[in-house]
Peer 1: 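Can you keep this structure in mind? I'll have questions shortly.
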2 protein chains.
Amino acid sequence: MPLDRIDVKILRALQSEGRLSNADLAERVNVSAATCHRRTQRLFEEGYVSGVRAVIAPRSVDLGTLVMVGVVLDRSTPESFAAFESAVVAMKEILDCNLVAGDFDYLLKIRVRDMADFNTLHGQRLITLPGVRQTRTFFVMKEVKDNGPLAF
Amino acid sequence: MPLDRIDVKILRALQSEGRLSNADLAERVNVSAATCHRRTQRLFEEGYVSGVRAVIAPRSVDLGTLVMVGVVLDRSTPESFAAFESAVVAMKEILDCNLVAGDFDYLLKIRVRDMADFNTLHGQRLITLPGVRQTRTFFVMKEVKDNGPLAF
DNA sequence: CCAAACATGAAAGGATCTTTCATCATGCCC
DNA sequence: GGGCATGATGAAAGATCCTTTCATGTTTGG
């Protein structure tokens, strides 16, 4: 059930190159293709790997502007949080949404085409989300690191 | 040079299932395997897809605690920012780092095992980063959405 | 010490990849 | 319009890869 040294090597390899062929992966990890295949299959089935995703260059699909938004809700009731969260899940522009402890209730990470797009989004759909009292916007001027790999 | 309907379908498919075989992908997109292969290769070579990554369940590798941190620097000089940024890039626990406009200079997204781990990290390595004047920590209590797919 | 349970690598048939090639569509210049 | 160049397409085929089977080796627990 726990991860041994080979499992960890497979996970690390697939985290950086998710489309590695089983043959290449086996060679990198120094096991036979059959063993590598079984190991990898297990890692997927048991949920160590929740998926494999192509990373698409945001600018190439007209989503070059990144914005972080802190949100404070009106009331701190379970219903209020639930309503806000399900509305957030339905908004495709919101990439991350986390309930946090601190000055905000939620922190959002949003991708849009440009500032004009964000302005529309903010005015027409963000501040009208259920229970939103106030928002604070942080425009991202430079992406130093975006979605870095897990180090384990 | 621009993306046509088929390219977009390929990108969307690979974003949700990065390990799709070329044969399956071709079927989904309704082109021959040869064409699909060439299209996909082009999308990688021309940078529309910057990589493919396995998404590893954070808890399974003992990184179940997510923390957001706002950082304010001492001075706002280019040297100060550069020094901070290169130190950040070297820290594997920091998944995201963005230079923002607003109450903070930077917003960080950090993954660690638990709060005790974060406390050590914060006290010994975060506040000692070059030029850091103050930090504000937001512990994540619930991950509503994490690294959602780009919608295009 | 033995037996059961499990993990491993070689092997092989079946599926897939990747290139080649002939064909067809498109745009462009005369 | 005619002719030509450019580029995209699908079929085909050899090379590669996947995935299962099986015999062997290794660990576990009694």
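The analysis underlying the following values was restricted to heavy atoms, covering all of them including side chains, and did not include hydrogens, waters or symmetry mates.
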Peer 1: Starting at atom CG of Leu25(B), determine the distance to atom C1' of dT18(C), rounded to an integer number of angstrom.
Peer 2: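 That distance rounds to 15 Å.
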Peer 1: Output the rounded distance in Å from CG (Leu3(A)) to C1' (dA7(C)).
Peer 2: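 To the nearest whole Å, that distance equals 16 Å.
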Peer 1: Parallel, tilted or perpendicular: which describes the rings of Phe84(A) and Tyr106(A), with under 30° parallel and over 60° perpendicular?
Peer 2: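 Tilted, since the angle between the ring planes falls between 30° and 60°.
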Peer 1: dT16(D) P sits how many Å from Glu27(A) CD, rounded?
Peer 2: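 Between P of dT16(D) and CD of Glu27(A): 13 Å.
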Peer 1: Take Met91(A) and Ile110(A) through the side chain to side chain contact (heavy atoms under 4.5 Å, CB included) test and state the conclusion after the steps.
Peer 2: CA-CA 10 Å; Met91(A) 283 187 61; Ile110(A) 297 179; over 6 Å; no
Peer 1: Output yes when at least one side-chain N/O atom of His37(B) is less than 4.0 Å from OP1 or OP2 of dC17(C), else no.
Peer 2: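 Checking dC17(C) against His37(B), no side-chain N or O comes under 4.0 Å of OP1 or OP2.
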Peer 1: Using atom CD1 of Ile6(A) as one end and atom C1' of dT26(D) as the other, report the distance to the nearest whole Å.
Peer 2: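 Rounded to whole Å, this separation is 13 Å.
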Peer 1: What is the separation between atom CG on Asn22(B) and atom C1' on dC18(D), rounded to the nearest whole Å?
Peer 2: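 These atoms are roughly 15 Å apart.
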Peer 1: Between Gln41(B) (CD) and dT9(D) (C1'), how many Å, whole number?
Peer 2: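 Rounded to whole Å, this separation is 16 Å.
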Peer 1: In whole Å, I'd like the distance from the CG atom of Leu20(A) to the C1' atom of dC17(C).
Peer 2: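 Between C1' of dC17(C) and CG of Leu20(A): 16 Å.
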Peer 1: Rounded to whole angstrom units, what separation is found between the CZ atom of Arg38(B) and the P atom of dT9(D)?
Peer 2: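 Atom CZ in Arg38(B) sits about 7 Å away from atom P in dT9(D).
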Peer 1: Which of these nucleotides, dT9(D), dT19(C), dT16(C), is closest to any side-chain atom of Thr35(B)?
Peer 2: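 So the nucleotide nearest the side chain must be dT9(D).
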Peer 1: Can a salt bridge be assigned to the pair Glu85(B) and Lys142(A) using a cut-off of 4.0 Å between side-chain N and carboxylate O?
Peer 2: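 Judged by the 4.0 Å cut-off on N to carboxylate O distance, Glu85(B) and Lys142(A) do form a salt bridge.
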Peer 1: Test Lys109(A) against every option in Asn147(A), Asn98(A), Asp96(A), Asp146(A) by the side chain to side chain donor-acceptor pair (under 3.5 Å) rule and name the one that passes.
Peer 2: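 When side chain to side chain donor-acceptor pair (under 3.5 Å) is applied between Lys109(A) and each of Asn147(A), Asn98(A), Asp96(A), Asp146(A), only Asp146(A) qualifies.
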Peer 1: Looking across every strand, which nucleic acid part, if any, lies under 4.0 Å from Arg39(B) by heavy atom: base, sugar-phosphate, or nothing?
Peer 2: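 Sugar-phosphate contact only.
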Peer 1: Run the numbers on Thr40(A) and Leu25(A) for side chain to side chain contact (heavy atoms under 4.5 Å, CB included), then give the verdict.
Peer 2: CA-CA 9 Å; Thr40(A) 303; Leu25(A) 188 56; 3.6 Å; yes
Peer 1: Look at all strands and tell whether Ala23(B) reaches a base, only sugar-phosphate, or nothing, counting heavy atoms closer than 4.0 Å.
Peer 2: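 Counting heavy atoms under 4.0 Å across all strands, the contact made by Ala23(B) is with sugar-phosphate only.
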Peer 1: Taking the nucleotide of DNA chain C with the nearest heavy atom to each, does Ser21(B) or Asp4(A) sit closer to the 5' end?
Peer 2: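 The residue whose closest nucleotide sits nearer the 5' end is Asp4(A).
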Peer 1: State which of dC18(D), dG10(D), dG9(C) makes the closest approach to the side chain of Val31(A).
Peer 2: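 Looking only at heavy atoms from C-beta outward on Val31(A), the closest nucleotide is dG9(C).
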